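Structure first, commentary second.
We count ligands from 1, going down the list as the structure has it; atoms in each ligand are counted the same way. Because the structure is a prediction, the values reported are computed rather than measured.
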Amino acid sequence: MFKYFVPLVFIAIGSFICLEAVAFDKGDIAKKGIADLRDRNLQEKPVALNGEWAFAWKKLLSPAATAGITTYTEFPKLWNGITVDGRQLLPQGYATYQLTVLLPKNNSPLALFIPEFYSSYRLYVNGKIFANNGVPDTSKKNYTPQWLTSTLALPGNSDTLQLVLQIANYSHAKGGPKKSILIGDNALLQSDRERWIAGDFLLTGCLFMGGLFFFGLYLFGKHDKAMLFFSLFSMVYSYRIVGSSFYAFHSVFPGLNWQLTLRLEYFSLFSSVFLFVQYVRQLYPRDVYKPLAKLISIICLLVTVAPVVTPTLLFTQIINPFLFLMFFCIGYVVWIFITAYLKRRSGAGYALASIAVLMLVFLIINLRYFGYEISSRAIVFAGYVAFFFLQSLILSFRFAWSFQQAKKQAEQGSKSKSEFLSTMSHEIRTPLNSVIGMSHLMLKNNPRKDQKEQLDVLLFSAGNLLSIVNNILDYSKIEAGKISFEMIEMDIEHILHNIVSGSKNIVEEKGILLKLKTPETRLPMVAGDPTRFAQVISNLVGNAIKFTEEGEVSVEVVLDKQTEDNISLTFKIKDTGIGISKVKQQLIFEQFTQADSSTSRSFGGTGLGLAISKKILELQGAILHLESEPGKGSVFYFTQTFPLSKNPGNNPVNTHKQLGKNNEMSLAGIEVLLVEDNPINILVAKSFLESWGAIIEVAKNGQEALDRLDIERHRIILMDLHMPVMDGFEAARKIREKGITIPIIALTASMPGEVAKEIKGLGIDGMVLKPFVPDELYKTVLKFSSPHVTGTVEL
Ligand code: ADP
């Protein structure tokens, strides 16, 4: 409903302005050169001075010289083709009209409304020049055409008016008077004039702004030609409202050259028909009969050029045949709109409604053009607003529709991109699995020293590749908005300790220090996503170590605030490394950017880590800050608020069981059912597990696992998730349905967060990520296969 509000307001304002348009008496009042108004109430209603005026053809008589005229003619009436006193008048020529007006007594001040005549006039009232348009003259040389309408106060204290009107035309295809002169109350006529000027300018403003608006949409949108033609049509047509009919434009700029405004007036009419036809062609191309539309367009275009290049006398003749073409076009457009409506084209209902309104407006305008005075300014105004508004709705419809299409395509594109990235990463991870697994196996088989060095490089590079692939996967997930956070109990200090101790080797190798500073009192357990938290800290610590060659890296936790429910902590990761320049500080948080393009060559990395960390923190309401000075080092810090864990009995203790050293035979005798379809994965897992003393039975899919499972023998099931015949999810569900409680460990190449939710509900106890890190595999199997360990989910 709201969409109708604006045009309704305009219609209301416009109608208020226009409705007051004065109705006037237009019966033929003049008889034999005398208009007797003595019994008229001019205060109430203006009177058109129509009827028989004294008339002298081919004479421009002064008021004194009009006394002897005995010829009378109808006023107003064009000279074209009429005969007066047996003389055929021509449109080009000159003539004098005379009328005596008898006024009522005791009048309030009166005024005359004088329209434009074709194409110049001079009006005398009681012997004195009262008004003129241009210069009427008996010779073409001394004549100047002009069109202006005016409302002028008459001299008071006179009960008789002698009107002498000289008209001359040499430059228009029509000649003489076409509209009535009105006489009425001065105040009434003046305010009426102000109203129609205001109304016309208001409408012009609306149309012009609407046109500009659609032109903007065309320029900055999808270059929809329908929009372009409609915007041009609106702008061109807006000139017609003030540049024809009542000539409000001319009243504001009376000095404008007649030739110019006349050309503009005709040009705007011809070109607006051309533009509207083009608009409809673009709007409903499938419903338009192309050859006909082309023909109309060519004719319109030729006609449009005429006012620019031909003399006024020539192009003003085109108007009547052109009006027929225009009516034909309107008829044809109605037909197209009806067809479009029946075929349920977008916005065709509005198109049909708008054209109905337009028909009404045109009917009224043209009835007026052909001499029927219809006082219907309000209807015309409302009609115009309604027409342009309804057309705008069609275009808005189209715009919104194409916008939605574009959005859909973009979404589809982004979805395909994410899917592609995700599939590709999975595909890369499978062979990587094998490379890493095989490298581990070869390292285990007592390689020579040089072979060991080469295998270490191989393993390092494969590990790097894996982290890049994981990062890309992660980032595409964040971008696709598919990331969700867990809210489980977590021990911040423990996670930090793990990260720091995990980096010990590399720090020692580099000869730098790595410190962890935590508050004096142990931090309480909080609720959050430990995986994501560890990911951010690991990334920042990893970077700090990567970019520091001497000095130290420190990880510091500061307690900012603790309430009953929450705790706010600031984490600072400080290094004394290469630092980052101010300019680069802005950039490094973007994906795939590194402070220096040589970075990837000397330090590795993809430039994704910080972008991911920043996003992960942002999604949890924390902002990652950076202070850094090149050559001195950097501090990355953020403050995050965690809800305190609601489980008071759960004191922070080291929840990780200290599992024995990777002892050669500590899995001795443990029977494992390995469910896996990839032969290389089978080979790697089997080799490791057997080297630790475990006994392995292999099933190639879920169904085989169900068949082979022996609850007496098997102590643990290692289950791949994606397999043919029956996948790991289904197999796990079936095993649990049978009431079997043997621990099931998922083997997955997916990111932990990706499948965590799915496997939790299936009774899967743990997860080992592929490619296998031997230590992880060992610890997990040991933990879940020892009889005293209950299967707690640790994902
Ligand atoms: P990556 O380290 O994988 O290239 P990041 O997004 O983690 O990607 O980092 C982007 C860039 O920011 C790095 O390449 C490096 O130029 C710069 N950078 C990050 N951390 C530090 C640091 N602690 N000291 C110096 N430069 C850093």
Side-chain angles (χ1 to χ4, degrees), residues 421 425 428-429 432 460-479 483 496 499-500 502-504 506-507 509-517 531-557 570-620 622-639 751:
L421 277 177
S425 309
I428 293 174
R429 273 203 297 194
L432 251 186
F460 176 77
S461 306
N464 250 351
L465 185 55
L466 186 68
S467 78
I468 290 170
V469 170
N470 285 344
N471 269 348
I472 293 176
L473 252 184
D474 231 20
Y475 194 80
S476 63
K477 250 175 53 189
I478 292 175
E479 275 227 305
I483 183 170
L496 294 176
I499 292 171
V500 168
S503 308
K504 260 215 171 89
I506 175 162
V507 172
E509 251 173 51
K510 284 190 99 169
I512 55 174
L513 286 174
L514 176 57
K515 290 181 189 160
L516 173 63
K517 297 177 200 164
T531 318
R532 293 295 175 189
F533 174 73
Q535 187 180 357
V536 172
I537 300 287
S538 299
N539 175 41
L540 296 178
V541 172
N543 275 348
I545 296 172
K546 191 157 76 169
F547 296 106
T548 304
E549 292 307 325
E550 55 186 34
E552 63 169 50
V553 171
S554 67
V555 181
E556 190 182 351
V557 192
T570 297
F571 301 88
K572 289 185 187 167
I573 292 84
K574 211 182 215 169
D575 66 59
T576 54
I578 59 172
I580 305 156
S581 71
K582 276 265 170 307
V583 183
K584 301 291 179 187
Q585 286 181 22
Q586 314 286 331
L587 300 174
I588 54 168
F589 294 103
E590 304 288 321
Q591 72 266 37
F592 303 113
T593 39
Q594 299 182 319
D596 188 334
S597 54
S598 63
T599 305
S600 59
R601 263 175 277 132
S602 37
F603 300 98
T606 49
L608 271 177
L610 283 180
I612 294 173
S613 303
K614 184 174 167 245
K615 279 263 159 90
I616 289 177
L617 289 175
E618 261 172 20
L619 291 170
Q620 298 182 99
I623 298 167
L624 181 57
H625 298 280
L626 162 64
E627 277 168 20
S628 180
E629 216 176 298
K632 293 208 169 145
S634 318
V635 192
F636 284 87
Y637 61 97
F638 63 93
T639 302
M751 299 296 288

Heavy-atom nearest option to [atom], drawn from [options]:
atom	options	answer
atom 23 (N) of ligand 1	Ile545, Asn539, Asp575, Thr548	Asp575
atom 5 (P) of ligand 1	Leu610, Ile588, Val635	Leu610
atom 25 (C) of ligand 1	Val553, Ile580, Leu540, Asn543	Ile580

Inter-residue atom distance [X].[atom1] - [Y].[atom2], 0.5 Å rounding:
X	Y	atom1	atom2	result
Lys614	Ile623	NZ	CD1	9.5 Å
Thr548	Leu513	OG1	CG	11.0 Å
Ile580	Ile588	CD1	CD1	3.5 Å

Self-check item: Whether Ser634 lies under 4.0 Å from ligand 1, heavy atom
Solution: yes
Quiz item: Does at least one non-hydrogen atom of Lys584 fall below 4.0 angstrom from an atom of ligand 1?
Solution: no
Practice problem: For a side chain to side chain contact (heavy atoms under 4.5 Å, CB included) with Ile545, tell me which candidate from Ile573, Ile506, Asp575 qualifies. | Solution: Ile506
Self-check item: Matching residue for Leu610 among Leu587, Asn543, Val536, Leu626 - test: side chain to side chain contact (heavy atoms under 4.5 Å, CB included)
Solution: Asn543
Where ligand 1 meets [X] - atom numbers and elements under 4.0 angstrom, heavy-atom basis:
X	answer
Lys546	1 (P), 2 (O), 3 (O)
Ala544	23 (N)
Phe636	20 (N), 21 (C), 22 (C), 23 (N)
Leu608	6 (O), 8 (O)
Gly609	5 (P), 6 (O), 7 (O), 8 (O)

Quiz item: Within the side chain of Lys574, is there an N or O that forms a donor-acceptor pair under 3.5 Å with the backbone of Glu556?
Solution: no
Practice problem: Could you tell me whether the side chain of Ser538 and the main chain of Ile499 form a donor-acceptor pair under 3.5 Å? | Solution: no
